[in-house]
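See below for the structure under consideration.
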Amino acid sequence: MSVRLFVDSPLKLKQEVILTENAHHYLVHVMRSVVGETVLLFNGKDGEWAGEIEKISKKEVQLRLVKNMRLQSEEKKSDVWLCFAPVKKDKMDFIIQKATELGVDVLQPVITRRTVVGHINANKMQLQAIEAAEQCERLSVPEIRQPVSLDLLLDKWEKGRTLYYLNERGEGKDFEKKKKVAYLVGPEGGFEPQEIEKIGLLKDACSVHLGRRILRAETACISVLAIHNHLCGWK
Ligand code: SAM
């Protein structure tokens with residue numbers, strides 16, 4: 001199986017691509033790649049391309065694109081965001097990796113009153129999403145947004161995007177297939193009643209639950225995205 005890497009450069013036939021730093025280290029020292037080998041490249045815009053390694057130096061791997069493997073339009077995606085209160089490191093890594101595999105477009109950390117996690121490194125999260133996208137054969141990488149407070153998230157809510165907020169103690173309406181949707185999962189300690197009240201005032205918000213058992217936040221994130229994919233025919 002060929003190595004698959006996300007790159008930040010345009011991809012088209014015969015294009016030369018130079019890989020440096022982490023990508024160079026991975027190809028040369030981890031995968032022990034040699035001249036003539038094929039590497040698959042994608043950039044989230046131009047589909048997936050096979051590139052042949054032409055030259056390897058101490059700091060660079062030079063490739064030439066030889067074949068388009070998949071068009072960007074072949075990635076059928078639904079427009080879905082996951083808004084979630086940050087949890088501790090291992091669980092956060094798990095959420096980013098699994099949500100990427102499950103096709104989310106945007107990961108939005110949301111600071112609620114009971115959120116206990118302090119510093120959030122969105123750049124590091126973005127690298128984890130890239131790694132997960134490389135592994136799961138996505139053609140796109142989810143956007144990791146900078147953390148926002150729950151109040152700001154609601155105040156600036158995009159008109160017409162349904163916000164399903166997961167409320168283990170609330171009334172559960174049925175999930176419906178929506179064109180533009182976001183799922184909001186609370187922190188380990190849950191939402192405060194005033195927060196639930198405020199979310200419920202948003203015109204596009206809708207309370208849902210995943211049964212009467214209390215799920216860990218990360219379980220709730222993954223479960224709801226699996227339900228979403230089922231509703232959307234696993235696009
Ligand atoms: N501390 C809360 C309690 O005991 O009621 C539980 C919070 S739960 C660990 C974290 C988040 O996961 C919740 O805020 C909610 O968004 C989501 N969640 C957990 N179980 C759920 C369920 N059965 N239905 C809907 N959402 C759920």
Side-chain angles (χ1 to χ4, degrees), residues 78-122 125 128-129 132 142-158 160-232 234:
S78 52
D79 183 347
V80 54
W81 299 0
L82 177 66
C83 304
F84 64 104
V87 283
K88 287 182 196 112
K89 193 193 164 304
D90 289 359
K91 293 174 179 176
M92 189 98 116
D93 296 350
F94 180 83
I95 291 174
I96 294 161
Q97 188 186 80
K98 302 307 164 204
T100 303
E101 290 172 19
L102 288 163
V104 7
D105 294 293
V106 170
L107 278 150
Q108 173 66 73
V110 181
I111 311 301
T112 67
R113 291 192 199 172
R114 293 185 186 153
T115 303
V116 285
V117 176
H119 177 68
I120 293 151
N121 188 338
M125 286 166 66
Q128 288 170 325
E143 176 191 347
I144 311 286
R145 300 220 168 136
Q146 290 296 333
V148 291
S149 67
L150 179 61
D151 284 341
L152 192 64
L153 181 86
L154 298 175
D155 292 347
K156 299 243 153 122
W157 192 251
E158 183 191 318
R161 179 175 295 278
T162 301
L163 176 62
Y164 280 127
Y165 60 104
L166 278 80
N167 180 7
E168 66 282 8
R169 311 266 177 218
E171 286 300 307
K173 303 220 177 71
D174 272 348
F175 292 94
E176 280 174 39
K177 186 174 164 183
K178 301 279 181 188
K179 224 170 170 196
K180 292 198 290 178
V181 67
Y183 299 98
L184 172 61
V185 177
E188 277 138 340
F191 292 112
E192 289 202 348
Q194 297 94 318
E195 290 178 317
I196 293 283
E197 211 173 293
K198 179 157 184 192
I199 302 168
L201 293 175
L202 189 79
K203 192 173 148 280
D204 294 306
C206 187
S207 161
V208 286
H209 72 72
L210 300 174
R212 286 296 162 206
R213 285 183 295 272
I214 305 296
L215 308 176
R216 300 264 179 146
E218 65 275 21
T219 315
C221 288
I222 308 317
S223 308
V224 81
L225 291 174
I227 292 170
H228 171 87
N229 282 346
H230 175 68
L231 277 176
C232 296
W234 294 93

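Model, not experiment: these values are computed from the prediction. In what follows, residues are counted from 1 in the order of the sequence shown. In listed order, ligands and their atoms are each counted from 1.
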Quiz item: For atom 10 (C) of ligand 1, which protein heavy atom lies nearest, and how many Å away is it?
Solution: P187 O, 3.1 Å
Quiz item: Can you list the atoms of ligand 1 that are under 4.0 Å from a heavy atom of G189?
Solution: 1 (N), 2 (C)
Quiz item: Which is it for F84 and V110 under the side-chain contact (heavy atoms from CB on, under 4.5 Å) test, yes or no, and what are the steps along the way?
Solution: CA-CA 6 Å; F84 64 104; V110 181; over 6 Å; no
Quiz item: Is ligand 1 less than 4.0 angstrom away from at least one heavy atom of R212?
Solution: no
Quiz item: Would you say the ring centroid of Y183 lies under 6.0 angstrom from that of H228?
Solution: yes
Quiz item: What residue and atom, counting heavy atoms only, is the protein's closest point to atom 24 (N) of ligand 1, and at what distance?
Solution: L210 N, 2.8 Å
Quiz prompt | Nearest neighbour in protein (non-hydrogen) for atom 16 (O) of ligand 1 | solution = L166 O, 2.6 Å
Quiz item: Do K198 and E195 meet the salt-bridge criterion of a basic N to acidic O distance under 4.0 Å?
Solution: no
Quiz item: Just going by heavy-atom distances, which of T112, V185, I214 is nearest to atom 12 (O) of ligand 1?
Solution: V185
Quiz item: Just wondering, more than 12 heavy atoms not from R213 lying within 6.0 Å of its CZ?
Solution: no
Quiz prompt | H209 side chain near N167 side chain, heavy-atom distance below 4.5 Å | solution = no
Quiz item: Which one holds for E188 and ligand 1: side chain close, backbone close, both close, or neither close, with close meaning a heavy atom under 4.0 Å?
Solution: backbone
Quiz prompt | Nearest protein heavy atom with distance in Å, relative to atom 14 (O) of ligand 1 | solution = G186 CA, 3.2 Å
Quiz item: Quick one: do R114 and E188 make a salt bridge, cutoff under 4.0 Å?
Solution: no
Self-check item: Non-hydrogen atom of G170 closer than 4.0 Å to ligand 1
Solution: no
Quiz item: What is the nearest protein non-hydrogen atom to atom 5 (O) of ligand 1, stated with its residue, atom name and distance?
Solution: R169 NH2, 2.7 Å
Quiz prompt | Side chain, backbone, both or neither: N167 near ligand 1, heavy atoms under 4.0 Å | solution = backbone
Quiz item: For atom 9 (C) of ligand 1, what is the nearest protein heavy atom, given as residue, atom name and distance?
Solution: L215 O, 3.1 Å
Self-check item: Option with minimal heavy-atom separation from atom 23 (N) of ligand 1, where the choices are R213, H209, E218
Solution: R213
Self-check item: atom 17 (C) of ligand 1 - nearest protein heavy atom and its distance
Solution: A220 CB, 3.7 Å
Quiz item: Okay, side chain of R169, backbone of R212: is any donor-acceptor separation there less than 3.5 Å?
Solution: no
Quiz prompt | Under 3.5 Å: donor-acceptor pair, side chain of D105, backbone of P142 | solution = no
Quiz item: Using 4.0 Å as the upper bound for N to carboxylate O, is an ion pair formed by D79 and R161?
Solution: yes
Quiz prompt | Nearest-contact summary for atom 22 (C) of ligand 1 - protein heavy atom, Å | solution = E168 CB, 3.4 Å
Practice problem: Please check if atom CZ in R216 has more than 12 non-hydrogen atoms from other residues, nucleotides or ligands closer than 6.0 Å. | Solution: no
